[in-house]
Enquirer: 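Let me give you the structure first, and then I'll get to my questions.
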Amino acid sequence: MKTSIKAALLAMGFATLLAGAANSASAETVWQRHHPARVEVNHRLNHLHRRAVIERRDGVVGVHKARFIHREERGIRLQERRFASRHGGHLTRHEARRLNREENGVSRQVGR
């Protein structure tokens with residue numbers, strides 16, 4: 001009887017271990033693995049958007065400046081989608097660098 005309980009506990013332990021390994025491996029989605037440049041560009045755009053919203057809320061950036069920054073963000077996001085549509089959903093190294101430079105310019109306008 002004790003042997004069967006030990007075996008059951010051991011099996012449950014292995015099952016828990018395997019489930020944890022499967023969850024950590026799936027933390028990154030298939031899309032993220034196949035489109036790392038787009039993930040990076042979109043992550044930076046989201047971060048930039050949050051910064052602009054916080055700066056506007058805190059009064060560091062005025063209404064017109066905030067609108068301009070959001071307009072620039074939308075332009076970069078549209079450009080990223082256009083670039084990706086040309087290459088089956090991927091960005092070339094040149095396109096990723098270009099978008100990165102544009103994000104740097106908008107980031108300097110936000111201030112923080």
Side-chain angles (χ1 to χ4, degrees):
M1 183 76 171
K2 287 186 179 185
T3 307
S4 63
I5 292 174
K6 286 182 183 178
L9 288 174
L10 186 62
M12 286 176 33
F14 280 125
T16 304
L17 181 67
L18 290 175
N23 285 340
S24 66
S26 67
E28 184 180 78
T29 65
V30 174
W31 192 87
Q32 289 172 332
R33 277 194 300 269
H34 292 293
H35 305 284
R38 291 188 71 189
V39 170
E40 180 184 350
V41 168
N42 288 327
H43 175 73
R44 285 196 67 200
L45 283 171
N46 290 337
H47 182 70
L48 187 61
H49 177 76
R50 283 192 306 269
R51 282 179 46 209
V53 167
I54 290 169
E55 298 251 336
R56 173 64 193 116
R57 185 184 62 209
D58 293 345
V60 176
V61 175
V63 174
H64 298 292
K65 180 83 168 187
R67 282 185 190 153
F68 176 76
I69 290 169
H70 289 303
R71 193 174 306 129
E72 292 286 317
E73 290 171 21
R74 280 192 302 273
I76 294 170
R77 193 174 303 275
L78 288 172
Q79 193 172 22
E80 178 261 336
R81 289 178 183 158
R82 244 181 280 127
F83 285 161
S85 70
R86 296 178 188 165
H87 305 288
H90 296 277
L91 294 177
T92 64
R93 187 172 288 158
H94 173 72
E95 292 167 344
R97 286 181 183 155
R98 180 176 173 181
L99 291 170
N100 194 11
R101 280 192 305 270
E102 291 179 15
E103 287 174 328
N104 289 341
V106 175
S107 180
R108 280 187 219 103
Q109 294 175 12
V110 174
R112 279 191 183 175

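Here the structure is a predicted model, which is why all the values come from computation and not from measurement.
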Enquirer: Val106 pairs by side chain to side chain contact (heavy atoms under 4.5 Å, CB included) with which of Arg71, His49, Glu72?
Expert: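 Result for side chain to side chain contact (heavy atoms under 4.5 Å, CB included) with Val106: Glu72.
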
Enquirer: Glu102: what forms a salt bridge (Lys or Arg N to Asp or Glu O under 4.0 Å) with it, not counting sequence neighbours?
Expert: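 Partners of Glu102 by the salt bridge (Lys or Arg N to Asp or Glu O under 4.0 Å) criterion, ordered by chain and then number, come out as Arg98.
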
Enquirer: Report yes or no: does Glu95 contribute a side-chain atom to a donor-acceptor pair with the main-chain N or O of Thr92 at less than 3.5 Å?
Expert: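 A pair under 3.5 Å: yes.
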
Enquirer: Please list, chain by chain and in numerical order, all residues satisfying side-chain hydrogen bond (donor to acceptor under 3.5 Å, both in side chains) with His94, sequence neighbours excluded.
Expert: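 His94: no side-chain hydrogen bond (donor to acceptor under 3.5 Å, both in side chains) contacts found.
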
Enquirer: With distance as the sole criterion, is a donor-acceptor pair present between the side chains of Ser107 and Arg51 under 3.5 Å?
Expert: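 Ser107 vs Arg51: donor-acceptor pair found between side chains.
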
Enquirer: Begin with the C-alpha distance, continue with both residues' side-chain angles, and end with the deciding distance and a verdict on side chain to side chain contact (heavy atoms under 4.5 Å, CB included) for His70 and Glu73.
Expert: CA-CA 5 Å; His70 289 303; Glu73 290 171 21; 3.5 Å; yes

Enquirer: Determine, stepwise, if the pair Gln109 / Lys65 fulfils side chain to side chain contact (heavy atoms under 4.5 Å, CB included).
Expert: CA-CA 9 Å; Gln109 294 175 12; Lys65 180 83 168 187; 4.2 Å; yes

Enquirer: In Å, rounded to the nearest 0.5 Å, how long is the span from CZ of Arg44 to CD of Glu80?
Expert: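 That separation rounds to 13.0 Å.
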
Enquirer: Does Ala96 offer a backbone N or O that forms a donor-acceptor pair with the side chain of Asn100 under 3.5 Å?
Expert: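 Not a single qualifying donor-acceptor pair exists.
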
Enquirer: Please say which of Arg77, Gln79, Arg38 ends up in a side chain to side chain contact (heavy atoms under 4.5 Å, CB included) with Leu99.
Expert: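 The option that passes is Gln79.
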
Enquirer: Are more than 12 heavy atoms, taken from residues, nucleotides or ligands other than His64, located less than 6.0 Å from that residue's NE2 atom?
Expert: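 Incorrect, the count does not exceed 12.
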
Enquirer: Assigning hydrophobic clusters by single linkage (Ile, Leu, Val, Met, Phe, Trp, Tyr; side-chain heavy-atom cutoff under 4.5 Å), is Val61 placed with Leu45?
Expert: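 Yes, Val61 connects to Leu45 through the hydrophobic network.
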
Enquirer: Just so I know, are the side chains of His35 and Val41 near enough to count as touching, which here means a heavy-atom distance under 4.5 Å?
Expert: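 Side-chain contact under 4.5 Å: no.
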
Enquirer: Would you say Leu78 and Arg81 make side-chain contact, with heavy atoms under 4.5 Å?
Expert: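 Sidechains of Arg81 and Leu78: in contact.
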
